[in-house]
Amino acid sequence: MVKILSATEAIAEYIKDGDTIAFGGFVGAAHPEELSVAIQKRFLEQGSPRNLTVVYAAGQGDGKERGLNHLGEEGLVGKLIGGHWGLVPRLQKLALENKVAAYNLPQGVISHMYRDIAAGKPGVITHVGLGTFVDPRLEGGKLNEKAAQEGDMVQLIELGGEEKLFYPAFPIHVSIIRATYADTNGNCTFQREGIVADAIAMAQAAKNSGGHVIVQVEKIVDYKTLDTRLVKLPGIYVDALVVSDPANHMQTFATQYNPAFSGEVRMPVKALSPMKLDARKVVVRRAAMELKPRSIINLGIGMPEGVAAIAAEEGIENLTLTTEAGTNGGFPAAGGDFGVTTNPDCILEQPSQFDFYDGGGLDLAFLGLAQTDREGNVNVSKFGTKIAGCGGFINISQNAKKVVFCGTFTAGGLEVAVNTDGITILQEGRSKKFLQQVEQITFSGAYAKQAGQTVLYITERAVLELTSEGIELREIAPGVDLEKDILAQMDFPPIIKDVKYMDRRLFAQGPMGLVRA
């Protein structure tokens with residue numbers, strides 16, 4: 001029978017030194033904060049559990065102290081296998097100081113790994129990661145020397161005459177999950193959650209590894225009082241239930257509860273605030289011009305999140321915006337709410353969403369642009385001593401039919417004036433983004449060309465495209481100087497043939513009229 005325990009009791013009973021622990025959630029959505037806090041507290045007070053292997057698909061944190069940052073205590077974790085690292089600076093610090101063996105694998109691979117562990121399969125075999133830093137011919141996803149000493153987590157194989165990557169499976173001792181309500185037999189619902197994420201696959205992986213499942217919930221009710229249609233996690237998978245303090249059971253790290261995120265109500269689209277007119281809005285407006293009717297789209301974290309706001313402002317409704325967390329339809333939220341969606345049509349389990357993504361189901365993906373080189377490679381995952389991680393970027397960018405990378409032309413102190421005449425560079429950024437060679441390959445230009453993808457690089461002052469010959473400059477903003485503001489800010493010369501001006505509507509106040517365009 002399922003046990004009803006406090007967070008402290010559950011950690012003491014089920015998590016042992018050296019265990020492999022899987023955590024569910026996405027940024028702040030569906031993260032079991034009560035249990036993360038309890039693990040940190042027990043370690044600081046009693047020195048246990050220690051030397052854990054922690055596995056997580058999506059990044060879970062607020063960039064400061066919450067989420068998996070609670071595990072950033074030296075000795076608590078010995079090995080980290082994560083999809084995204086940008087929101088967990090305390091774990092980054094352990095990795096950079098070589099105090100844990102740290103690996104960065106694609107979010108979708110880890111998500112599928114849970115399911116393959118549950119099914120007793122040898123691991124994940126996929127094309128995802130070929131040609132990127134995850135490929136063992138490059139870095140194999142290792143982030144530090146300790147990982148290099150620990151060993152490989154990715155193997156290059158040949159299957160049916162094609163190169164594939166093999167990510168071997170491993171047992172999960174404890175899965176830590178969050179749900180909304182549970183009955184006294186452990187059956188769990190998710191109706192007030194903005195996502196389901198990997199909950200079902202994680203629970204099955206732990207149980208079929210001979211391990212345990214702890215579920216944080218908002219409330220426990222009597223057996224047979226839950227609507228069966230809302231139960232997504234059966235009690236046969238659950239060992240312990242923990243009722244959370246409401247402060248540790250926010251719907252996201254930015255919002256206590258919004259029923260429009262969980263599909264319980266629909267919010268008027270006009271209630272979404274339009275973006276202010278600045279360089280970021282110019283970029284995402286130009287990106288939104290690539291939207292086509294009935295397209296299925298993914299929006300990445302950061303600047304690309306703004307495409308949803310533009311779609312709402314312009315009243316564009318005949319397309320489907322999705323997130324890798326599993327939401328389909330509606331308008332993906334931004335910032336601390338990233339991962340959930342306002343007015344979703346459907347909320348899938350994360351592994352199923354990545355099935356669709358990996359198989360080429362996305363028509364269009366809007367993703368961040370941090371560094372690009374002359375080969376068309378993009379780096380968003382590692383910058384000197386900062387580990388951002390790839391998250392779902394590799395799954396998405398490698399498989400979407402068309403990829404639009406969004407970012408400012410330079411970074412670090414860039415100041416731009418936007419007016420009806422176009423762009424004026426008030427202060428140039430300290431760091432160039434168009435380099436001879438990126439620091440780490442998160443997106444492979446060579447792989448994209450081989451796969452026949454359409455790839456654009458959109459900035460506030462220029463639009464470039466990856467062609468068979470290389471990076472070609474397609475458009476420049478009115479008001480900028482080609483030599484001084486573009487070519488002098490690149491470490492390689494782009495191909496220049498027929499350069500046009502960017503649409504002047506991008507720089508004007510009010511809606512652009514994209515619906516009528």
Side-chain angles (χ1 to χ4, degrees), residues 275-290 302-304 306-307 310 366-380 383 402-439 443 445 454-514 517:
M275 298 171 64
K276 67 177 182 179
L277 183 56
D278 57 10
R280 180 175 185 243
K281 187 166 187 176
V282 170
V283 174
V284 295
R285 271 181 160 179
R286 177 59 186 85
M289 292 179 70
E290 300 300 315
M303 187 172 286
V307 174
I310 298 301
F366 297 96
L367 299 168
L369 171 63
Q371 291 180 348
T372 301
D373 65 23
R374 64 187 309 136
E375 302 300 324
N377 301 319
V378 173
N379 171 35
V380 298
F383 311 96
K402 183 174 185 176
V403 186
V404 177
F405 294 109
C406 306
T408 54
F409 203 81
T410 61
L414 174 66
E415 293 182 16
V416 171
V418 181
N419 53 57
T420 53
D421 295 325
I423 290 283
T424 302
I425 311 300
L426 303 177
Q427 179 174 295
E428 193 58 79
R430 294 183 297 274
S431 302
K432 294 180 181 179
K433 289 190 174 183
F434 291 87
L435 310 173
Q436 281 287 346
Q437 185 174 351
V438 294
E439 291 181 58
F443 171 81
T454 299
V455 182
L456 295 178
Y457 309 84
I458 294 178
T459 75
E460 82 288 353
R461 69 184 82 170
V463 178
L464 302 99
E465 183 174 0
L466 179 63
T467 71
S468 58
E469 301 173 64
I471 300 284
E472 182 172 342
L473 181 64
R474 296 290 198 189
E475 302 173 21
I476 64 171
V480 303
D481 182 274
L482 175 62
E483 290 293 333
K484 177 173 70 73
D485 297 328
I486 295 176
L487 300 183
Q489 303 305 322
M490 300 178 70
D491 282 351
F492 63 90
I495 298 165
I496 298 178
K497 292 181 179 178
D498 181 23
V499 181
K500 297 179 171 61
Y501 279 117
M502 296 167 71
D503 193 317
R504 287 186 178 272
R505 293 177 299 168
L506 298 168
F507 313 101
Q509 295 287 350
M512 292 177 62
L514 290 182

- Query: Do the side chains of L369 and F434 get nearer than 4.5 Å, heavy atoms only?
  - Reply: yes

Q.
Surrounding CD of Q437 (heavy atoms of other residues, nucleotides or ligands, distance under 6.0 Å), is the total greater than 12?
A. no

Sorted by chain and number, sequence neighbours left out, salt bridge (Lys or Arg N to Asp or Glu O under 4.0 Å) with E375 holds for none

Heavy-atom side-chain contact between L464 and M490 under 4.5 Å: yes

One should read off an interatomic distance between L277 CG and Q509 CD, to the nearest 0.5 angstrom, of 4.5 Å

Per salt bridge (Lys or Arg N to Asp or Glu O under 4.0 Å), E475 is matched among K500, R461, R286 by R286

Between T372 and F492 the two heavy atoms that sit nearest each other are O-CE2, 4.2 Å

Between A462 and L473, the two heavy atoms sitting closest are CB-CD1, 3.8 Å

How about L487 and L482: do any of their side-chain heavy atoms sit closer than 4.5 Å? yes

Quick note, salt bridge (charged side-chain N to carboxylate O under 4.0 Å, His left out) partners involving residues 477-492, not counting sequence neighbours, are K432-D491

Has the side chain of E472 got a donor or acceptor atom that lies under 3.5 Å from a matching backbone atom of T467? no

Between N379 and A370, the two heavy atoms sitting closest are O-CB, 3.1 Å

Is the closest side-chain heavy-atom distance between I310 and K281 below 4.5 Å? yes

Applying salt bridge (Lys or Arg N to Asp or Glu O under 4.0 Å) to R374 and not counting sequence neighbours gives none

In terms of heavy-atom contacts, V380 and G368 come closest through CG1-O, 3.5 Å

Going by atom type alone, with no hydrogens or angles, which donor-acceptor pairs under 3.5 Å involve a side-chain atom of residues 404-420 and a protein atom two or more places apart or on another chain?
from: T408; atom 1: OG1; to: T410; atom 2: O; distance (Å): 2.7
from: T408; atom 1: OG1; to: K433; atom 2: NZ; distance (Å): 3.4
from: T410; atom 1: OG1; to: E428; atom 2: OE2; distance (Å): 2.6
from: T410; atom 1: OG1; to: G429; atom 2: N; distance (Å): 3.1
from: N419; atom 1: OD1; to: D421; atom 2: N; distance (Å): 2.8
from: N419; atom 1: OD1; to: G422; atom 2: N; distance (Å): 3.3

Taking every heavy atom of R280 against every heavy atom of G302, the minimum-distance pair comes out as NH2-O, 3.3 Å

Applying side-chain hydrogen bond (donor to acceptor under 3.5 Å, both in side chains) to E469 and not counting sequence neighbours gives K497

In this structure, CZ of R285 is separated from CZ of F507 (nearest 0.5 Å) by 9.5 Å

Main-chain N/O of G376 paired to Y457 side chain as donor or acceptor, under 3.5 Å:
yes

Could you tell me if the side chain of E465 sits less than 4.5 Å from the side chain of T454, heavy atoms only? yes

Between I423 and A477 the two heavy atoms that sit nearest each other are CG1-CB, 3.9 Å

Those residues at least two apart in sequence (or on a different chain) that pass salt bridge (Lys or Arg N to Asp or Glu O under 4.0 Å) with D503 are R505

Quiz item: Quick one: does N377's side chain have a donor or acceptor within less than 3.5 Å of a partner on G445's backbone?
Solution: yes

